[in-house]
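The structure appears right after this line, and notes come after that.
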Amino acid sequence: MENPFGEATCRQLAGLLLTRYDREGRDLPWRRTRDPYRIWLAEIMLQQTGVKTVLPYYAGFLERFPTIQALAEGELEEVLSLWQGLGYYRRARHLHATARHVVRELGGRFPDTCEAMGRLPGIGPSTAGAILAIAFGQHQAILDGNVKRVLARVLALAMPPDTTVGKRTLWEQARRLTPRERPGDYAQAIMDLGATVCTLRQPLCPSCPWQGYCAAQREGCPEAYPVRLAQAPKPRKYQFQALVTRPDGRVLLLPKRDATLLGGLWHPPGDEPGLSAVPPEAEAVRRHLAEGLGIQVATPCPLDAVAHTFTHFHLTVFPFLCPWRAGEPPEASGGRWIDWRQDRRTPLATLHRKVLARLSESPATPALEA
DNA sequence: AAACCGGGGTT
DNA sequence: AACCCAGGTTT
């Protein structure tokens, strides 16, 4: 694409956006600081997650880890505990790894170039640009989801933003539009515009400082952008999970040591997700526990299935209530008996909380309340 | 229930 | 360059 806006027009557009931001931009906690640590934390939490969800996590996280030194000294398990429910737990592992690297190898200071910043775990080109622009005042562009949508509309971009050509075009125009003055405020301003005015559905074009410059608005249907590729349907998978309970209410949980899938979180024993839509026989569940963990249980009792959607597939879990009779998990399994409602030190993913909640709904212990 | 967002890592 | 990723919010 040729450059649709000349240099003078780019300066004008940036000015219009900054004026709106100064007058109407949201007051968010991470906009009240230039501490790179706080800006970095906000950018990581805001990846794949909305502002409203992030706010309480951001406050709680900073209360426990007010500085990058505190975070570097903390244990991963506690970091994951504070991240519980926020999803995409790899972000939390990367956050912790980067904190340790910055503190131990870089004297506690973030690198000040895009290349070096982008080598840190969990930080890519857009997040690196955001930190450098907002915390260090450098002339760097960002390209997150909000910015992609705004620019795709202003340019009436014909191709999907995630294609190679689409990305190259958007990065190029994002750089051209970023002003030399106040690049950090500009970054916040364009994200704010995307989140509050140039929204996915029903954009508020009459309130937009760029109306009159926007090719999508001129075409009459801004919602037609960004152009999307057809999405592949998500497969549905099935698994069982065994809730081995002791008389005192504790449940057997195992740590997920796998580096990529919910790594560091805890889960009940079960089989791998598969394609069979039929729950296993109780006898198969009992055998799985006996052979895999050396644990004997009374006849497993099926509970209501739990449905959960992940990024790339739907999952149905068949929970089984399994009263413990004998046996302890082998040392190598890392298994522990946990009072999961009380224990704040054991990070659990949302799925496993939903599965464990079935224990309070089981036919064996009917609800007492009306 | 369905649509859809989103950036970094890996190969 | 293509593919992958163990969620959540909005409509």
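Worth saying up front: this structure is predicted, and the values here are computed from it rather than measured.
- In the hydrophobic clustering of ILVMFWY residues, with side-chain heavy atoms under 4.5 Å counting as a link, Leu120(A) and Tyr89(A) come out together.
- Counting only residues at least two apart or in different chains, side-chain hydrogen bond (donor to acceptor under 3.5 Å, both in side chains) contacts with residues 215-224 of chain A comprise Glu219(A)-Tyr225(A).
- Distance Leu86(A) CG to dC5(B) P: 20 Å, rounded to the nearest Å.
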Can you check ring-ring contact (aromatic ring centres under 6.0 Å, His included) on Tyr58(A) and Phe61(A), steps first, answer last? CA-CA 5 Å; Tyr58(A) 187 70; Phe61(A) 200 95; 8.6 Å; no
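- Heavy atoms of Lys234(A) sit under 4.0 angstrom from at least one base atom.
- Of the candidate nucleotides dA6(C), dG8(B), dG6(B), dG6(B) has the atom nearest to the side chain of Tyr88(A).
- Considering only side-chain atoms of Arg149(A), the nucleotide from dA6(C), dG6(B), dG7(B) that sits closest is dG6(B).
- Using P as the reference atom, dC4(B) and dA6(C) are 23 Å apart when rounded to the nearest Å.
- Scanning for salt bridge (charged side-chain N to carboxylate O under 4.0 Å, His left out) contacts around Arg168(A) gives an empty result, with sequence neighbours left out.
- Atoms CD (Gln48(A)) and C1' (dA6(C)) sit 13 Å apart, rounded to a whole Å.
- For Tyr238(A), there are no ring-ring contact (aromatic ring centres under 6.0 Å, His included) partners at least two apart in sequence or on another chain.
- Within the structure, side-chain hydrogen bond (donor to acceptor under 3.5 Å, both in side chains) pairs that include any residue of residues 33-47 of chain A comprise Gln47(A)-Thr127(A) (at least two apart or interchain).
- Shown here are the side-chain contact (heavy atoms from CB on, under 4.5 Å) partners of Gln296(A), two or more places apart in sequence or in another chain: Ala290(A), Arg325(A), Ala326(A).
- Using a 4.0 Å heavy-atom criterion, one finds that Leu200(A) contacts the sugar-phosphate atoms exclusively.
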Interface polar pairs with nucleotides 9-11 of chain C, N/O, under 3.5 angstrom:
unit_1, atom_1, unit_2, atom_2, d
dT9(C), OP1, Thr53(A), OG1, 2.8

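- Within 4.0 Å of Thr309(A), counting heavy atoms only, lies at least one base atom of the nucleic acid.
- The distance from the NE2 atom of His139(A) to the CZ atom of Arg180(A) is 4.5 Å, given to the nearest 0.5 Å.
- The shortest side-chain heavy-atom distance between Pro36(A) and Met117(A) does not fall under the 4.5 Å cut-off.
- Note on Glu272(A): nothing from the nucleic acid sits closer than 4.0 angstrom, heavy atoms only.
- Note on residues 137-148 of chain A: pairs passing salt bridge (Lys or Arg N to Asp or Glu O under 4.0 Å), not counting sequence neighbours, are Lys148(A)-Asp162(A).
- Near-neighbour residues of DNA chain C inside residues 341-352 of chain A, defined by a heavy atom below 4.0 Å, number-ordered: Thr350(A), Leu351(A).
- The side chain of Thr164(A) sits closest to dA1(C) out of dG6(B), dA1(C), dG8(B).
- When rounded to the nearest whole Å, the span between CG of Leu95(A) and C1' of dG7(B) equals 15 Å.
- Between Lys167(A) atom NZ and dG7(B) atom C1' the separation is 9 Å, expressed in whole Å.
- In this structure, the salt bridge (charged side-chain N to carboxylate O under 4.0 Å, His left out) partners of Arg246(A), at least two apart in sequence or on a different chain, are Glu328(A).
- In this structure, Met45(A) places its CE atom 16 Å from P of dG7(C), rounding to the nearest Å.
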Using nucleotides 9-11 of chain B, report all nitrogen or oxygen pairs with the protein that are shorter than 3.5 Å.
unit_1, atom_1, unit_2, atom_2, d
dG9(B), OP1, Gly122(A), N, 2.5

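- Nucleotide dG6(B) holds its C1' atom 10 Å from the CZ atom of Arg91(A), rounded to whole Å.
- Under the salt bridge (charged side-chain N to carboxylate O under 4.0 Å, His left out) criterion, Asp339(A) pairs with no residue, sequence neighbours left out.
- Within the structure, the salt bridge (Lys or Arg N to Asp or Glu O under 4.0 Å) test picks out the following pairs touching residues 44-66 of chain A (sequence neighbours left out): Arg64(A)-Glu78(A).
- With rounding to whole Å, Leu55(A) atom CG is found 15 Å from dG8(C) atom C1'.
- Here the C1' atom of nucleotide dG8(B) and the CG atom of Leu143(A) are 13 Å apart, to the nearest Å.
- At a threshold of 4.0 angstrom between heavy atoms, the contacts of Asp162(A) with the nucleic acid are absent.
- Across all strands shown, Thr127(A) has heavy atoms under 4.0 Å from sugar-phosphate atoms exclusively, and none from any base.
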